[in-house]
Every structure is written in C-alpha cells, then in structure tokens.
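Here is the structure we will look at, set down as structure tokens.
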Amino acid sequence: MAKFLVQHSSPLSGEVTISGAKNAVLPLMAATLLSKDECKIFDVPELADVAVMRKILESIGSEIEEPVRSVLNIQTKDIKTIEPDNELVGMMRASFVVMGPLLGRAGKAKLYRPGGCSIGARPIDLHLKGFKALGARITITDDYIEAEAPEGGLNGSTIYLDFPSVGATENIMMAAALANGTTYIENAAEEPEITDLANLINKMGGRIKGAGTDNIKIEGVASLHGAEHTVIPDRIEAGTFMLAAAITRGQLLIRNVTPDHLKPVTAKLRECGVTVEMGDEGMYVLADDRELTSTNIKTMPYPGFPTDIQSPFMAFLTTVYGHSTVIETVFENRFMHVAELNRMGANIEIQGNKAIVKGGRKLRGSHVIATDLRAGAAMVLAGLAAEGTTQVSEIYHIERGYEDFIEKFRSIGADISRVD
Ligand code: UD1
C-alpha cells in the first residue's frame, strides 16, 4: 500500500494554483447526462474520483474525450443502461448524483448502494424524499435503489429538506430540470457547488433560479442542449493550502481562488493572527514570525465553516497556544483524525460532537492513517509541523480529492515523498 513520508518543514513559501473543485465537477459531469448533445467542461481536476465518475458515465453510454489535460467533452446520445456499473458506484458515494439526471432523462434509474468516505451514516433519505415528491416510485432492496418516474414523466413539486443536504439538493435539481411544471426546494443547500451546477444547467437551457439561497425554483423544460462550462476553484483545496502556510508559519500566494467562498476559513485564520489578503494575483496568506493564538470553530452548512476544513484546521490548532474548541454539526462521525493527531503528541479531548484542543504542543513524527480524504490532508499538515518523519498510510483517500498533491506541496518547499 502506498504511503506518504512527510518531513518536518521550514516555513513554506512561494505560490500554488488551485484546481477545479472536486465537489463541483462530479455533479457537473453527471448533469451532462441530461442532454443528448455534447458538453465541454474546463478545469477538470485529475483525480481518482473524477476517473471513477468518467467510467460510471461511460458505463451508462456517454462518449468522453479529453482533448487536452483538464478538459472533458462528454456526450450521451443514448442512455444505454439505467444501471451503471455496480463496482464503480460502490467505490464512491458521490456516484449517487447520477440518479437524478438518469431519472429526469430516462425516467428510471437503478443504482447499487453508494460507498465513499466513512464519515457518519450518510443516509440518502432526503434524495429519495425529493424523488418521491416528484412522483417517482422508489424500491429499495439490500443491494439496490431503484427509482421510476410515472407515465408522462416527473412532476414538479415543493420539497422541504429537513437538512440542507448538498447531494440531495443537486440530485433533486437535476431530476426536476426535465420535469413537468415547477419544483421548489426549500431549505436547500447553498454551497457554491450548487450554484455552479445550476449555472451549467441554465447554460444547457434549464430554468433554475435562486441557487445559492435556501429556496431554489426549477421550472422544468422539455429538453436540454449542450453547453460549455468552467469548474469553480476548489475552496477546500485552497483552504488546505491556507492552513499549510499557517501551520508552517510560512507565506504563500494562492492563485485561482474565490475569496467569497473562503470567508469562514479566512475569518478564523485572522482570529488566530494569520494575515489573509487578496491581491491582483490571488490570495496572500502570511503567518511568518507571528505569535498565533487559539480560536473556536463550529462546522455548519454553507456559508458556515466547512466541515471539510475541520480536520485540517484542527491540525493547525494543535500548534498554536491556548485552548480551542471544534464543534462538528454536519457529520456525526468526523473526529477519527483526533486519535491520529494525539498519536503525534497533540492533546485533544472529545466530548460528544465537541473536540477540545489544548494547543502549543510539539508534534512528533509518527505512523498515522488517512482515515478519510480531508483527515488525510490534516495528517500531512501535522507532519509538516512535527519533528522528524511522519508516515501517512491509506493515502488513496487523499488522492481521491487533491490534484497533484505532492507536486504542489513540493513546489512550495515541502519534503513529501510517496513510497509504495
Ligand atoms: C457533500 C460533499 C462533502 C461535504 C458535504 C457537506 C460532495 C461530493 N461531497 O457531501 O465533501 O463534506 O457535502 O458539506 O459534494 N444527510 C441525510 N440524508 C440525506 C443526505 C444527507 O441525513 O439524504 C445528512 C448526512 O448524513 C450529513 C449531512 O446531511 O450528516 C450533510 O450531508 P450532505 O450535505 O448530503 O453531504 P454530501 O452531499 O454527501
């Protein structure tokens, strides 16, 4: 099994360019199923999850070309099957976002139960609640979830989400784009990835209003056509590099960021004493020669503090003086990195969904596990701050979601190597 060896780092410096967002590109790729025409997507990151989504679409009947790196031309003239390859679907939870567009376009979908990071139970009841409200008949067996639209297609409806789920909002939006009549999603997720998806569907001829707010209106149309779209920058990757600057007390210029998407991370880093400024070329993060202090974090749906930055931020908080509290409200099982950080010498105590970080400890290199994608990034960050060498295993999690991870870190001075 491949591992990363991370050496203690002097302050990182230089510049790094952020890739297209993993969490945006996966639903964007799925949305191309809504049309028989070709869609062109730019700034597609080269990631294991993108490769899986590509194969899932191909198993459905899409023809996909990559004329140059980071550009995908996707065309699905015919839906050859409404049951994408089981093994691929089982590899990634995000594969479930093909259900909405399949149901919308083909009137049917059958999916193997999705897999992915083990952060909490991660049910799909809200996705199914949405499909049902649109008139679909849902059948659940031990291995499969099937949805079938009524004769004449899905019908617009009003759906209240009990929690503003990102995936459910995306799936319902895609299914409703081709439904008869108008759909309203209330208490919708407001994440930038939702707005990006609505923008693509609207370029394809869709009629979606209110994406980015908690109330989305989708007027169904009879058909959608091809379009071109550039994926938004990955705010989680950007946040990870902001924290890389902070944890090594370095200074970085981060290019291709949307500062509005990073408001909570910026605010919390500033509270700790890190300087974050926007310039003409991108975002400057300066943490050199500073006395940094603790802060408190509570993860929330957007525009609150992102759960995906919780573990990288916690790694940083172990290195600053004072006590910090970190409250996780989005996922119920997202503290698996705490044991790993403690193994490195951190002092973190868990009380329910709250972690108390007693900062200012010297971390030491250890053997740790990337327990999920973002926790893996947290381990690497902690390794940069720790004395000696940190060995991070199960790095396939990291490679699922960060493009050119090692290359980007090396280009700013980190000593990270991959060993098989
Ligand atoms: C997406 C992101 C993930 C991020 C998460 C929250 C992708 C590919 N992944 O995941 O990186 O951490 O948003 O910002 O975009 N829930 C239900 N029922 C459902 C669906 C969700 O109870 O039907 C719960 C989940 O268990 C979780 C919470 O809602 O506790 C948030 O999940 P959701 O927003 O759906 O996350 P994902 O779309 O899976």
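First listed ligand is number 1; within each ligand, the first listed atom is number 1. None of these values were measured; they are calculated from a predicted model.
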Taking heavy atoms and a distance under 4.0 Å, where does [X] meet ligand 1: side chain, backbone, both or neither?
| X | value |
| --- | --- |
| R334 | side chain |
| T307 | side chain |
| D308 | side chain |
| R93 | side chain |
| I236 | neither |

May I ask you to check whether N180 and N155 show a side-chain donor-acceptor distance below 3.5 Å?
->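 N180 vs N155: donor-acceptor pair found between side chains.
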Can you find a pair of side-chain heavy atoms, one from V97 and one from M174, that are under 4.5 Å apart?
->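 Heavy-atom side-chain distance check passes, below 4.5 Å.
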Is any side-chain heavy atom of T266 less than 4.5 Å from a side-chain heavy atom of R270?
->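 Counting from C-beta outward, T266 and R270 do come under 4.5 Å.
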Within a distance under 4.0 Å of any heavy atom of I124, pick out the atoms of ligand 1 and give their elements.
->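 Checking each atom against I124, I get 19 (C), 23 (O).
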Close-contact set for ligand 1 against D125 heavy atoms, below 4.0 Å |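 Ligand 1 atoms under the 4.0 Å threshold to D125: 17 (C), 18 (N), 19 (C), 22 (O), 23 (O).
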Intermediate values then yes/no, side-chain contact (heavy atoms from CB on, under 4.5 Å), M53 and M92 = CA-CA 9 Å; M53 182 56 91; M92 176 176 82; 4.1 Å; yes
Got an N/O contact under 3.5 Å between [X] and ligand 1?
| X | value |
| --- | --- |
| F163 | no |
| S165 | yes |
| A94 | no |
| V330 | yes |
| G167 | yes |

Audit row: R418, E399, side-chain contact (heavy atoms from CB on, under 4.5 Å) steps and yes/no | CA-CA 11 Å; R418 187 182 195 278; E399 292 173 341; 2.7 Å; yes
CA sep, side-chain torsions, deciding dist, call: S19, D234, side chain to side chain donor-acceptor pair (under 3.5 Å) | CA-CA 6 Å; S19 302; D234 196 313; over 6 Å; no
Quick one: does A168 get a heavy atom under 4.0 Å from ligand 1?
->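 Per 4.0 Å heavy-atom rule, A168 does not contact ligand 1.
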Hey, are E394 and K3 close enough for a salt bridge, meaning a charged N less than 4.0 Å from a carboxylate O?
->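 Between K3 and E394 there is no salt bridge, as every charged N stays at least 4.0 Å from the carboxylate O atoms.
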Quick one: does NZ or CZ of K217 land under 6.0 Å from the six-membered ring centre of Y184, within 45 degrees of the ring axis?
->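 No, K217 and Y184 do not form such a contact.
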Hey, which of L28, L33, I64 is the one that makes side-chain contact (heavy atoms from CB on, under 4.5 Å) with I74?
->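 Answer after filtering L28, L33, I64: I64.
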Option whose closest heavy atom lies nearest to atom 26 (O) of ligand 1, chosen from P306, P301, P123, A24 =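 Going through P306, P301, P123, A24 one by one, P123 has the nearest heavy atom to atom 26 (O) of ligand 1.
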